[in-house]
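Just below is one structure, and these are the notes that go with it.
These values consider heavy atoms only, across backbone and side chains, with no hydrogens, waters or symmetry-generated copies. Computed from a predicted structure; not experimentally measured. Residue indices begin at 1 and follow the sequence shown.
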Amino acid sequence: MSQCLFAGGYPPREAPDGWYYRSFDDRAPAWTGVFFLRRYLLSQGGRAVSAQDAAPGDVVFMDFLGDGAFTHSALIVDRAGEELLVAAHTVDSDYRPLSTYAWRALSFIAPVP
């Protein structure tokens, strides 16, 4: 997810609790951790949006157990009618329908650079 945000122009921030990657051994928790990325985006002015308002470039966080723990994220790349299409890296996917994931809850964040 972070590579997509970075490639799309989202700027790194190197504060101790920032979002950056210098090397495998020198990266912020928000660069690789779903929980930390969600918290970071919200702390930087990202806004929660509804599924209906989600747009390409927004991030969707998925909770697979329904316990409030978002453990996977994907980038919204397009919309086909009401279906959101996403790109993700854990299982390489591009233009994958969000409905094909077995999520129980979703959280959508529109990042603000």
Atom CZ of Arg13: over 12 foreign heavy atoms under 6.0 Å: yes
Of Asp58, Asp53, Leu84, the residue whose pairing with Phe108 passes side chain to side chain contact (heavy atoms under 4.5 Å, CB included): Leu84
Pro97 side chain near Leu85 side chain, heavy-atom distance below 4.5 Å: yes
Minimum heavy-atom distance Ala74-Ala88, with the two atoms named: CB-CB, 4.1 Å
For Ala54 against Val49, the heavy-atom pair lying closest together: CA-CG2, 4.0 Å
Side-chain donor or acceptor of Asp63 paired with backbone N/O of Gly68 under 3.5 Å: yes
Sub-4.5 Å side-chain heavy-atom contact between Tyr20 and Asp26: yes
ILVMFWY cluster, Trp103 and Leu75 together (side-chain gap under 4.5 Å): no
Side chains of Arg38 and Ser73 in contact at under 4.5 Å (non-hydrogen atoms): no
Connected via hydrophobic side-chain network under 4.5 Å: Leu106 and Leu41: no
Met62 reachable from Val34 in the ILVMFWY side-chain graph, under 4.5 Å edges: no
Path from Val59 to Tyr40 over hydrophobic side-chain contacts below 4.5 Å: yes
Smallest separation among heavy atoms of Ala87 and Asp94, with atom names: CB-OD1, 3.6 Å
Parallel, tilted or perpendicular: rings of Phe6 and Trp19 (30°, 60°): tilted
Atom of Ser2, atom of Ala30 and distance for their closest heavy-atom approach: OG-O, 3.7 Å
Hydrophobic cluster membership, Met1 vs Ile109, 4.5 Å side-chain cutoff: yes
Flag if over 12 foreign heavy atoms under 6.0 Å of CD, Glu14: yes
Flag, side chain of Arg96 to backbone of Val86, donor-acceptor distance under 3.5 Å: no
Stacked cation flag Arg27 on Phe24, 6.0 angstrom / 45 deg: yes
More than 12 heavy atoms from other groups under 6.0 Å of CZ on Arg79: yes
Parallel, tilted or perpendicular, as decided by the 30° and 60° cut-offs, for the rings of Phe61 and Phe70: perpendicular
Atom pair CZ/OG1 of Phe35 and Thr71 - distance to nearest 0.5 Å: 12.5 Å
Whether Tyr101 and His72 hold their rings parallel, tilted or perpendicular, with breakpoints at 30° and 60°: tilted
